[in-house]
Amino acid sequence: MFDRKRFEEEHPGASDECPSFFRACVRTASKPGGGGYNGAAYQLAGAAQHLVEGDLEESVLDEFLDITEAEVLLAWLDKYLPRCMALIPRRRRGSFTAGLERWLEEQQ
């Protein structure tokens with residue numbers, strides 16, 4: 001069960017969002033033939049701005065909109081969407097980062 005008070009203590013300033021569509025993407029990615037974690041990353045990057053709107057300060061959204069590198073975006077997601085990022089196994093971060101790179105390329 002989600003403990004909001006503990007979450008807020010451990011992740012000050014972060015959003016507690018972790019939508020069902022992303023959990024489904026991660027579940028699919030974890031299965032053989034599921035397409036890997038790059039698809040989940042692409043989906044999360046595309047939805048991130050909308051997930052944190054209303055939860056975080058406008059300066060945090062501006063920071064998101066200025067990101068041009070996958071590693072910076074990964075760090076931003078770790079900081080502001082920790083519940084989502086907790087679903088990504090450390091050993092799959094490379095595949096996840098590739099999906100972030102693809103999303104960033106398409107935004108330019």
Side-chain angles (χ1 to χ4, degrees):
M1 181 149 190
F2 180 64
D3 183 346
R4 182 174 305 282
K5 184 177 179 182
R6 182 175 177 201
F7 175 85
E8 289 173 356
E9 290 171 358
E10 292 177 359
H11 305 284
S15 173
D16 65 353
E17 292 289 329
C18 188
S20 58
F21 85 85
F22 183 68
R23 291 191 305 269
C25 286
V26 171
R27 233 181 345 268
T28 299
S30 69
K31 296 181 180 186
Y37 287 86
N38 58 358
Y42 186 90
Q43 294 298 319
L44 183 59
Q49 179 180 359
H50 302 290
L51 292 175
V52 300
E53 282 179 334
D55 284 354
L56 304 177
E57 295 178 17
E58 193 170 322
S59 62
V60 174
L61 293 175
D62 292 341
E63 182 182 328
F64 172 79
L65 296 172
D66 290 338
I67 295 173
T68 59
E69 297 176 19
E71 292 296 329
V72 175
L73 180 52
L74 183 64
W76 190 93
L77 293 170
D78 280 332
K79 183 174 182 178
Y80 295 111
L81 290 171
R83 288 188 70 199
C84 291
M85 295 306 293
L87 300 176
I88 309 302
R90 289 278 172 199
R91 68 183 185 280
R92 302 293 184 225
R93 288 269 176 139
S95 174
F96 193 84
T97 302
L100 297 178
E101 288 171 352
R102 182 169 57 104
W103 185 80
L104 286 167
E105 286 173 7
E106 290 183 10
Q107 301 312 302
Q108 295 178 5

How close do Ser95 and Gly36 get, heavy atom to heavy atom, and via which atoms?
OG-C, 4.3 Å

Of the non-hydrogen atoms in Cys84 and Pro19, which two are nearest, and what is the gap between them?
SG-CD, 3.9 Å

Considering residues at least two apart in sequence or located in another chain, which fulfil the side-chain contact (heavy atoms from CB on, under 4.5 Å) criterion with Ala47?
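If we apply the side-chain contact (heavy atoms from CB on, under 4.5 Å) test to Ala47, skipping adjacent residues, the hits are Phe21, Leu51.
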
Is Ser30 close to Tyr37 at the side-chain level, that is, under 4.5 Å between some pair of heavy atoms?
yes

Can you tell if the side chain of Val60 reaches within under 4.5 Å of the side chain of Lys79, non-hydrogen atoms only?
no

Separation of [Y] [atom2] from [X] [atom1] (nearest 0.5 Å):
X	Y	atom1	atom2	answer
Glu63	Asp66	CD	CG	8.5 Å
Thr28	Arg23	OG1	CZ	13.0 Å
Leu44	Leu74	CG	CG	10.0 Å
Asp78	Met85	CG	CE	4.5 Å

Give the table of side-chain donor-acceptor pairs shorter than 3.5 Å for residues 96-108, with sequence neighbours excluded, one pair per line with atom names and distance.
from, atom 1, to, atom 2, distance (Å)
Thr97, OG1, Arg93, O, 2.8
Glu106, OE1, Tyr42, OH, 2.3
Gln107, NE2, Trp103, O, 3.4

